[in-house]
Amino acid sequence: MVAAFGGLIFGYDLGISGGVTSMDPFLKKFFPDVLTLFTSSLYLAALVASLCASSITRIFGRRLTMLSGGILFLVGAGFNAFAQKVWMLIVGRMLLGFGIGCANQSVPIYVSEVAPYKYRGALNMMFQLAITIGIVITAAIASKFGVDGNPGILPKWYAFLVVGFICIYVMGFAWSWGPLGWLVPSEIFPLEVRSAAQSINVSVNMIFTFAIAQVFTSMLCHMKFGLFIFFAFFVLLMSGFIHKFLPETKGVPIEEMSVVWQNHSYWKKFVKSASEEANAKVDNSC
């Protein structure tokens, strides 16, 4: 459980950066050029760190990678807290990204490997829960000390409706794509490639997060509410892919995960059992 709370630093940063970039003084000083760099520098740094973390976790272990991520995050937070110049702000964000990349790569693997298979899913869900807790903490800080900005006046019924739909969206994400995007890749790969595979998972996550951060504002201005229909289409597409191609891994020991692929209606065409591989080697030797 303690290891799973490595997601706390990711959630805390998401909440802080979202709150800071919505403050009028920040927007007046840094919008639009520095704002884009401020947002995207973290994800690019996390991308690089997640790829490097693959070698670190394989050679030096998961614990060292998690410790390195925590230290880098603390240093980056210090840079941002005392930033007086733009370069300090960007360097701090990059260090935060390095820390997040290391943590996001190593924590899900570590939890999947040490957790009993019956509780692997629940314990790995703690990683996503920690991300959410980090966001909640920043919201509590904002409500305590306040933020600048005027959201305008909305009818009460409309405000409640919007909040209700947002809650439904967050609930749906929090028990599906949110945690399972970290859990499933950390458990389905064999030990030999598990670290590298998780690095690819994190790097792809960061690549698309970076890309969306670059174009979201422009797309929102042009597409209005259609932007959310655009993303909903891809959610349906991804859901169909999961239904067709992802086997169920619940209750399967991580050492026996290959059996799941061998029994899947589609992947059994490509995954051979140990006996079949042994027979193939014998045939080749003959």
Side-chain angles (χ1 to χ4, degrees), residues 3-21 34-58 60 62-81 83 86-112 124 126-135 137-138 173 177-186 194-216:
F5 269 80
L8 189 68
I9 61 176
F10 189 28
Y12 185 80
D13 181 82
L14 288 174
I16 286 291
S17 59
V20 169
T21 53
V34 178
L35 176 61
T36 301
L37 183 60
F38 175 85
T39 303
S40 60
S41 57
L42 180 140
Y43 301 113
L44 290 177
L47 165 63
V48 174
S50 65
L51 295 175
C52 296
S54 171
S55 299
I56 298 175
T57 54
R58 187 179 65 255
F60 300 105
R62 282 51 163 154
R63 290 179 66 251
L64 180 62
T65 310
M66 289 188 286
L67 290 171
S68 301
I71 293 172
L72 288 168
F73 190 88
L74 286 174
V75 176
F79 261 88
N80 280 172
V86 172
W87 71 266
M88 294 181 67
L89 195 67
I90 302 305
V91 168
R93 288 286 290 175
M94 293 181 67
L95 289 172
L96 291 174
F98 289 142
I100 288 171
C102 289
N104 287 7
Q105 193 275 342
S106 56
V107 170
I109 293 179
Y110 182 80
V111 174
S112 290
N124 231 307
M126 295 293 293
F127 183 74
Q128 180 66 31
L129 176 62
I131 295 176
T132 306
I133 291 174
I135 297 173
I137 290 174
T138 58
F173 180 79
W177 291 103
L180 296 180
W182 303 112
L183 168 63
V184 174
S186 70
R194 190 176 300 146
S195 179
Q198 183 66 10
S199 292
I200 294 173
N201 173 48
V202 176
S203 62
V204 170
N205 187 309
M206 295 302 163
I207 287 172
F208 280 97
T209 304
F210 166 76
I212 291 173
Q214 299 301 302
V215 301
F216 181 82

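What you see is a predicted model; the values in this text were computed from it and never measured. Count residues from 1 along the sequence. The figures here come from the full heavy-atom set of this structure, side chains too, leaving out hydrogens, waters and symmetry mates.
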* **Enclosure of F79 CZ (heavy-atom neighbours >12, cutoff 6.0 Å)** => no

* **Greater than 12 external heavy atoms within 6.0 Å of Y43's OH** => yes

Do [X] and [Y] come within less than 4.5 Å of each other through their side chains, counting heavy atoms only?
X	Y	answer
Q105	S195	yes
F10	N104	yes
V107	W182	no

Would you compute the distance between atom [atom1] of [X] and atom [atom2] of [Y] and round it to the nearest 0.5 angstrom?
X	Y	atom1	atom2	result
F73	S68	CZ	OG	15.0 Å
I133	L8	CD1	CG	7.0 Å
I131	M126	CD1	CE	12.0 Å

* Grab the two heavy atoms, one from G181 and one from N201, that are nearest each other, plus how far apart they are. => O-ND2, 3.3 Å

* To do: Identify the heavy atoms of G6 and F127 that sit nearest to each other, and give their distance.
  => C-CE1, 4.1 Å

* Assess whether side chain to side chain contact (heavy atoms under 4.5 Å, CB included) is satisfied between Q198 and T57, documenting all intermediate values. => CA-CA 11 Å; Q198 183 66 10; T57 54; over 6 Å; no

* Of all pairs that satisfy salt bridge (Lys or Arg N to Asp or Glu O under 4.0 Å), the ones with a partner from residues 67-79, not counting sequence neighbours -> none

Donor-acceptor pairs under 3.5 angstrom involving side-chain atoms of residues 87-102: please list them, not counting sequence neighbours.
from: R93; atom 1: NE; to: F38; atom 2: O; distance (Å): 2.9
from: R93; atom 1: NH1; to: D13; atom 2: OD1; distance (Å): 3.1
from: R93; atom 1: NH1; to: D13; atom 2: OD2; distance (Å): 3.4
from: R93; atom 1: NH2; to: F38; atom 2: O; distance (Å): 3.3

* Counterpart residues, salt bridge (Lys or Arg N to Asp or Glu O under 4.0 Å), relative to R58 (two or more places apart) -> none

* Asked: Backbone N or O of S50 within a donor-acceptor pair of the S199 side chain at under 3.5 Å?
  -> yes

* Just by distance, do the side chain of S186 and the backbone of L183 share a donor-acceptor pair under 3.5 Å? -> yes

* **Distance-only polar pair, side chains of S112 and N124, donor-acceptor under 3.5 Å** => yes

